[in-house]
Amino acid sequence: MRVIDAHAHTWTRDIISEQDRQARKIAAERAGVEPQLDSPVQKLKAAMNKSGVERAVVLPIDSGFTQTMPLSLQEKTDWHADEVADFPDIITFVGVDPRRGEEGLRELERAVTEKGCRGWKMYPPNGFYPDDDSFYPYYEKCVDLDIPIVIHTGFTSRFKHVKYGQPVYVDKIATDFPTLKIVLAHVGAPWVNEALMVASKNPNVSVDVSGWQIFASKVPIRVCQMIAEAKLNRVFPNRMLFGSDFPLFEYALPLEKWVRFFAKLQLPNDMVDQGYAQISEDEIETVMWKNAERLFFGDRH
Ligand SMILES: [Zn+2]
């Protein structure tokens, strides 16, 4: 089965902020593993090869509006564009904090038209609600450029603010820009029902399952429950994307195992007995690569 990883990251310690380095150390300590301070694109590519993942989407985060960063916004865009340049099967988005106003808007356009970035990654837990009126020029720009937005929803790291990660704050944008393609990362976990509600009422909203390795490795039934609910809400299969959040959850379930887990996913009999419809191989295939190919790789690949 073909596989596209719709949500991955690359970085080195030289491009992230001191706070992000600290947050990564705290998270690693909690999980009892070594912190991932360097994860360049070669590491992602090696994991893809090992796991049979054909293509991947890198999603840079702009934390520079509130934190001191080693690189300027433009330098960071260029860093990511250069990273993926030698890997035709890996594309990158651009990370821009929309509170940057005109400057950020110009960078979004430059990243897409000059540096080949294929979408916008937005990270509201850095301190903003996505449906702020002053950000509307950004959404208009995305419609004009015909690029998707991946919006982080759900859990965040120690020094960021989780209230801004509630999926419900995406509903107004999705409604006001019906042709804007939006992906809610992580199915909003733990606000799964809220993410599914926003996606089920807005046909332009999809969800990605990155980060769910945590549940798959410990309580796999929760993955089944999420998918069964998503199917009831008609978000699964046509608006759900496979993803990993590589390399953040490698300690819980390496990419190779996450791919295998998801590709073979079946609801247990007792859930089917309760009335949930079993999931088919065709539906899983749609989630594993077809949706991401349509949304992110499109005709341009
Ligand atoms: Zn991520």
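When a ligand or atom number is given, it counts from 1 through the structure's own listing order. Predicted, not measured: the structure shown is a model, and the values here were computed from it.
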* Asked: Closer than 2.8 Å to the Zn ion (ligand 1), do we get an N, O or S atom from H9, backbone or side chain?
  ->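 Checking the Zn ion (ligand 1) against H9, an N, O or S atom does fall under 2.8 Å.
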* Asked: Any N/O/S of H152 under 2.8 Å from the Zn ion (ligand 1)?
  ->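 No.
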* Asked: How wide is the angle at the Zn ion (ligand 1) between NE2 in H7 and OD1 in D245, to the nearest 10°?
  ->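 NE2 of H7, the Zn ion (ligand 1) and OD1 of D245 span an angle of about 90°.
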* Asked: Taking all atoms of both residues into account, what is the closest heavy-atom pair of P268 and C224, and its distance?
  ->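 That would be CD-SG, 3.9 Å.
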* Minimum heavy-atom distance V287-N291, with the two atoms named ->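 So the two residues come closest at CA-ND2, 4.1 Å.
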* To do: Determine, using the 4.5 Å side-chain heavy-atom cutoff (strictly less than), whether L253 and M226 are members of one ILVMFWY cluster.
  =>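 Yes: a chain of side-chain contacts under 4.5 Å links L253 to M226.
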* Asked: Does NZ or CZ of R100 lie under 6.0 Å from the centre of the six-membered ring of F65, at an angle within 45° of the ring axis?
  ->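 No; the conditions do not both hold, so R100 does not lie above the ring face of F65.
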